[in-house]
Amino acid sequence: MATVILVRHGRTTANATGLLAGRAVGVSLDQIGRDQAALTGDRLAAVPVVGVVSSPLERCQETAQLILDRQAGNPSAPADPDLTECDYGQWQGRLLSELTTEDLWAAVQSQPSAVVFPGGESMAAMQARSVAAIRRHDAAFEAGNGPGAVWVAVTHGDIIKSILADALGMHLDLFQRINVSPASVSIIHYGAVRPTVYATNTDAGDLSWLSNGINSGDAQVGGGAGQKAP
C-alpha cells in the first residue's frame, strides 16, 4: 500500500487562547502557526507527494497550501469532510479551562470510547470515519500511483491521535497516551499484513528517505538496517 504522512494544522488563534475551536469557521493560523506549517512544508519538499488531502476547515487548508507551495510537482489537493474536526457539540467555542470542570471531562481522559459530546459526535464515530477515510485515500493513491506512493493528510489533533491508535492496535481508550503537536508529522504505511508506524509527532528531521517509498514485507527481526537514503 501507499504511505501516508499525517500533518496536524499549525497553531491557531484559538489554540493560543485555550479555546476549543471545533468546527467553528474563521479560525486561522496565527503567525507562529504559519511559521510551523512553513517549516513542515520545507521538510516535505524533498518528498514528491502525490496528493495533499485536507480537512475543509480553514486552519487545515492554510497548512495544506503551505505544503503545496513547496512541492515541485502538482499533487492533487482535495478536501475531505471525513477528516474534519470532531463535532464537539455544546463544548465548541468554550475555554478548555472551563471544560475541565465538566463531569464528562474525566471520561474524555480515561474512557473516550464511551464519550458522546452533548449535541455532537461520539469519539468512536470520529475514529471510525477518519480511519475509513485514510484507508480509502491510501488505497486510491496506490491504485493510481503504485505501492511506492506517498501522500499527505492534513487534519486535526484528535483525528490524528485516533488514526495512530488504530494503526498501533491500541484501544481508543488509550489514545490520550499519544501526543500530536501543531504542524507535527506522523507516518503510517499500510502494508499487506498490518499497518506500520514509522514516526509520530515529529517537528524536525530529514524526510528525504521517503522519496524512495517504503518496501512492504515482513517485519525485520532485530529491527533491520532502516530505510535507504535517497
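- Side-chain N or O atoms of Arg8 include one that pairs as donor or acceptor with a backbone N or O of Val180 at under 3.5 Å.
- Summarising the geometry of Ser162 relative to Val131, their closest heavy-atom pair is O-CG2, 4.2 Å, with the distance given to 0.1 Å.
- Criterion: ILVMFWY side-chain heavy atoms under 4.5 Å apart, direct or through other members. Under it, Ile32 and Val27 are not part of a common hydrophobic cluster.
- Of the inter-residue distances, the one linking Asp203 atom CG with Arg43 atom CZ reads 7.0 Å to the nearest 0.5 angstrom.
- Taken together through direct or relayed side-chain contacts under 4.5 Å among Ile, Leu, Val, Met, Phe, Trp and Tyr, Leu172 and Trp105 form part of one hydrophobic cluster.
- Neither side chain, Glu58 nor Ser28, offers a donor N or O lying under 3.5 Å from an acceptor on the other.
- Leu19 belongs to a hydrophobic cluster whose remaining members, ordered by chain and number, are Leu95; membership requires side-chain heavy atoms of ILVMFWY residues under 4.5 Å apart, directly or through intermediates.
- The backbone N or O of Ala14 sits less than 3.5 Å from a side-chain atom of Thr12, completing a donor-acceptor pair.
- Taking all atoms of both residues into account, the shortest heavy-atom contact from Ala139 to Met1 is CA-CE, 3.7 Å.
- In this structure, Ile187 and Leu6 have side chains that are not in contact, with every pair of non-hydrogen atoms separated by 4.5 Å or more.
- In this structure, a donor-acceptor pair under 3.5 Å is absent between the side chains of Thr13 and Asp30.
- A side-chain donor-acceptor contact under 3.5 Å links Gln71 to the backbone of Val47.
- For the residue pair Ala167 and Val197, the shortest heavy atom distance occurs at CB-CG2, 3.8 Å.
- Neither Val152 nor Leu29 shares a network with the other; the hydrophobic side chains, linked directly or stepwise wherever heavy atoms of I, L, V, M, F, W or Y lie under 4.5 Å apart, form separate groups for each.
- Looking only at side-chain heavy atoms (C-beta outward), His156 and Cys60 come within less than 4.5 Å of each other.
- Atom-to-atom distance recorded for Ile160:CD1 and Ile178:CD1 is 11.0 Å, nearest 0.5 angstrom.
- Judged by distance alone, the side chain of Arg11 and the main-chain N or O of Pro182 form no donor-acceptor pair under 3.5 Å.
- In this structure, Asp138 and Trp151 have side chains that are in contact, with non-hydrogen atoms separated by less than 4.5 Å.
- Thr63 places none of its side-chain heavy atoms less than 4.5 Å from the side chain of Leu66.
- For the residue pair Gly10 and Asn15, the shortest heavy atom distance occurs at O-OD1, 4.0 Å.
- At least one side-chain heavy atom of Ile163 sits less than 4.5 Å from a side-chain heavy atom of Ile188.
- Between Ala199 and Thr202 the shortest heavy-atom distance is CB-CG2, 4.0 Å.
- Asp173 contributes a side-chain N or O that, together with a main-chain N or O of Ser113, makes up a donor-acceptor pair within less than 3.5 Å.
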Original post:
Taking it one step at a time, do Trp91 and Glu102 satisfy side chain to side chain contact (heavy atoms under 4.5 Å, CB included)?
Top reply: CA-CA 10 Å; Trp91 277 31; Glu102 298 279 346; 4.0 Å; yes
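- Taking NZ of Lys161 as the reference point, atom SG of Cys86 lies at 11.5 Å (rounded to 0.5 Å).
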**OP:** Kindly determine whether Leu99 and Leu96 satisfy side chain to side chain contact (heavy atoms under 4.5 Å, CB included), including the steps that lead there.
**Re:** CA-CA 5 Å; Leu99 293 172; Leu96 292 171; 4.2 Å; yes
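- By the criterion of side-chain heavy atoms lying less than 4.5 angstrom apart, applied directly or through intervening Ile, Leu, Val, Met, Phe, Trp or Tyr residues, Val154 is grouped together with Leu207 in one hydrophobic cluster.
- With values rounded to the nearest 0.5 angstrom, Ser76 atom OG is found 9.0 Å from His137 atom NE2.
- In this structure, Gln127 CD and Glu121 CD are separated by 11.5 Å, a value rounded to the nearest 0.5 Å.
- The hydrophobic cluster containing Leu164 also contains Met170, counting ILVMFWY residues as joined when their side-chain heavy atoms lie under 4.5 angstrom apart, directly or transitively.
- Side-chain atoms of Thr196 and His189 form no donor-acceptor pair, as typed in the model, at a separation below 3.5 Å.
- Considering CE of Met123 and CZ of Phe175, their distance stands at 3.5 Å, rounded to 0.5 Å.
- Formation of a donor-acceptor pair under 3.5 Å by the Thr200 side chain with backbone atoms of Ser186 is not found in this model.
- Classification of the Trp209-Tyr198 ring pair by plane angle, with boundaries at 30° and 60°, yields tilted.
- Here the closest non-hydrogen pair linking Ser211 and Ser208 is OG-O, 2.6 Å.
- Within the 4.5 Å cutoff, the side chain of Gln176 has heavy atoms near those of the Val108 side chain.
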Subject >> His9/Glu62 under side chain to side chain contact (heavy atoms under 4.5 Å, CB included): CA gap, chis, key distance, verdict >> reply: CA-CA 8 Å; His9 61 78; Glu62 292 168 349; over 6 Å; no
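- Within the 4.5 Å cutoff, no side-chain heavy atoms of Met126 are placed close to those of Asp87.
- The main-chain N or O of Leu83 is found under 3.5 Å from a side-chain atom of Thr155 such that the two form a donor-acceptor pair.
- Phe141 has its side chain within reach of Val53: a pair of non-hydrogen atoms, C-beta onward, lies under 4.5 Å apart.
- Under 3.5 Å, the side chains of Ser55 and Glu85 contain no donor-acceptor pair of N or O atoms.
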Original post:
How far apart are the C-alpha atoms of Tyr190 and Thr3, what are their side-chain angles, what is the distance that settles it, and do they pass the side chain to side chain contact (heavy atoms under 4.5 Å, CB included) test?
Top reply: CA-CA 7 Å; Tyr190 288 99; Thr3 300; over 6 Å; no
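- Partners of Asn179 under the side-chain hydrogen bond (donor to acceptor under 3.5 Å, both in side chains) rule, at least two apart in sequence or in another chain, are Ser181.
- Partners of Thr84 under the side-chain hydrogen bond (donor to acceptor under 3.5 Å, both in side chains) rule, at least two apart in sequence or in another chain, do not exist in this structure.
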